[in-house]
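Worksheet: the structure to be examined is printed underneath.
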Amino acid sequence: MNIRTFTKLAAGAALIAVTAGAAKAQEGVEVLHWWTSGGEAAALNVLKENLQKEGISWQDMPVAGGSGVQAMTALRARVTSGDPPTAVQMLGFDIKDWAEMGVLGNLNDLAEEQGWDEVIPAALQEFSKFDGDWIAAPVNVHSTNWLWLNKAALDKAGGEAPKNMDELFALLDKFKEQGITPLAHGGQPWQDGTLWESVVLSVGGMDFYKKAVIEADPEALSSDTMRQVFDDMSKLRTYFDPNFSGRDWNLSTALVIEGKAGAQQMGDWSKGEWLRADKKPGEDFVCIRFPGTQGSVLFNSDQFVMFDVGEDKRDAQLKMAGAVEDPAFQIAFNTVKGSVPARTDVPDTEFDDCGKKGMKDLAEAAASGNLAGSLAHGHAQPSAVKEAVFDVVTQHLNGQITTDQALERLPQAVASAQ
Ligand code: BGC
């Protein structure tokens, strides 16, 4: 080999090395999510750090707003401008909608390699797969029909956990006598919807929830049972503090943590805030199923979808999806987040009592047919229907429409959004 050829080859090799180095340095993910509260951010850090250890950089795109309504608006704007993020936190029916548009990356090879089919339960696969292809990596299972109580306030009120709506109202009366806000609620449509679905389940039971919410049956939506639901919502409203309107969910949790309020109805992401404040279940707070709903679970699952943004991003996307399904990550993340693992083969040993209860309740509800998707968190109906329900529920809760009007409008609003 003459020196000229050698120099040429060496220069070529150097160029390849530089290019590969640059590609490696660039390997990263931009992640759109709505995990902005203290507890949520702490959980997200587990994932960030795991990926950084693997040399994947993390570009954060947080969009505040519980249940992700604002995050989905931001996502649409990014996609419309032709620049989707690489990875997006997403819920239920939104995943189906984006999958239908054919813009999500296929995760089949990774799913097969890691055996997702065997360990992700059917209720989640329903949203993680589209046309038989894996298009989302489930992070967790949350559930919404919980009540979070300040233990000291509960003890002072006699220590009995309420088992139905009447007992709940009696307990809230006792909190009122203690001079604290009985029920910490944040008046935002998604929070109103989260409270409403628990009341629907409590008043009507799972069969009614399925009929009214999952099947959107017009008769169920305007039935006497639904009348009772709206009446109970009006009654619950009398236990809120005057500043409830527009308040973020985590600020309501803080009121219960500080003992300024007795209870909060909220999904189990609320536990993340208690843990973040160094509080312990059974000592500082008590988690119970929303009164009258023990045995049933309304679930939602945070999943990451990978937008089809080009081959150069693919490796980092797959590493992120793979990291999410790692059993050790499932434990590390979900013990902090308040949720339970998306995999059925993860032991509950490292979970606290609320986490253990969450896992047991979920398994039992799935086995007995008492597991259904949360409407407020995207697992019962497409967004348009969900928002139509929120409109009616919020207007009613704020006294802008009567119960009679709510019963008339609910089926109409749902029908026109379908
Ligand atoms: C998500 C949770 C999140 C909560 C509040 C839910 O829709 O599933 O992960 O913590 O909204 O933002």
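Note that the coordinates shown come from a computational prediction; the quantities given were computed from them, not determined experimentally. Quick note: numbers below take in every heavy atom, side chains included, and nothing from hydrogens, waters or symmetry partners. Both ligands and their constituent atoms are indexed starting at 1 by order of listing.
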Task: Option of least heavy-atom distance to atom 11 (O) of ligand 1 (set: Ser67, Ser143, Ser37, Ala376) - done: Ser67
Open item on the list: My understanding is that only one of Asp192, Thr403, Thr402 makes a side-chain hydrogen bond (donor to acceptor under 3.5 Å, both in side chains) with His396; could you say which?
Closed with: Thr403
Open item on the list: Assess, by modelled atom type and distance only, whether the side chains of Ser81 and Asp83 contain a donor and an acceptor separated by less than 3.5 Å.
Closed with: no
Open item on the list: By the definition side chain to side chain contact (heavy atoms under 4.5 Å, CB included), identify the one residue from Asp315, Asn50, Val29 that meets it with Ile56.
Closed with: Val29
Task: Arg289 versus Ser143, side-chain donor and acceptor atoms under 3.5 Å - done: yes
Open item on the list: Could you identify the single nearest non-hydrogen protein atom to atom 9 (O) of ligand 1 and state the distance to 0.1 Å?
Closed with: Asp302 OD2, 2.7 Å
TODO: Specify side chain, backbone, both or neither for Asn140, according to which of its non-hydrogen atoms lie closer than 4.0 Å to ligand 1.
DONE: neither
- [ ] Indicate whether the side chain of Gln191 and that of Gln188 have a donor and an acceptor atom separated by less than 3.5 Å.
- [x] yes
Open item on the list: Whether the Ser37 and Glu40 side chains hold a donor-acceptor pair (N or O, under 3.5 Å, no angle test) is what I'd like checked.
Closed with: yes
Task: Among His33, Lys337, Glu40, His377, closest by any non-hydrogen atom to atom 12 (O) of ligand 1 - done: Glu40
TODO: Using a strict 4.0 Å cut-off to heavy atoms of Gly66, name the atoms of ligand 1 that fall inside it.
DONE: 5 (C), 12 (O)
Open item on the list: I need the atoms of ligand 1 closer than 4.0 Å to a non-hydrogen atom of His142, numbered in the order shown.
Closed with: 2 (C), 8 (O), 9 (O)
- [ ] Please identify which atoms of ligand 1 are closer than 4.0 Å to at least one heavy atom of Leu91.
- [x] 7 (O), 8 (O)
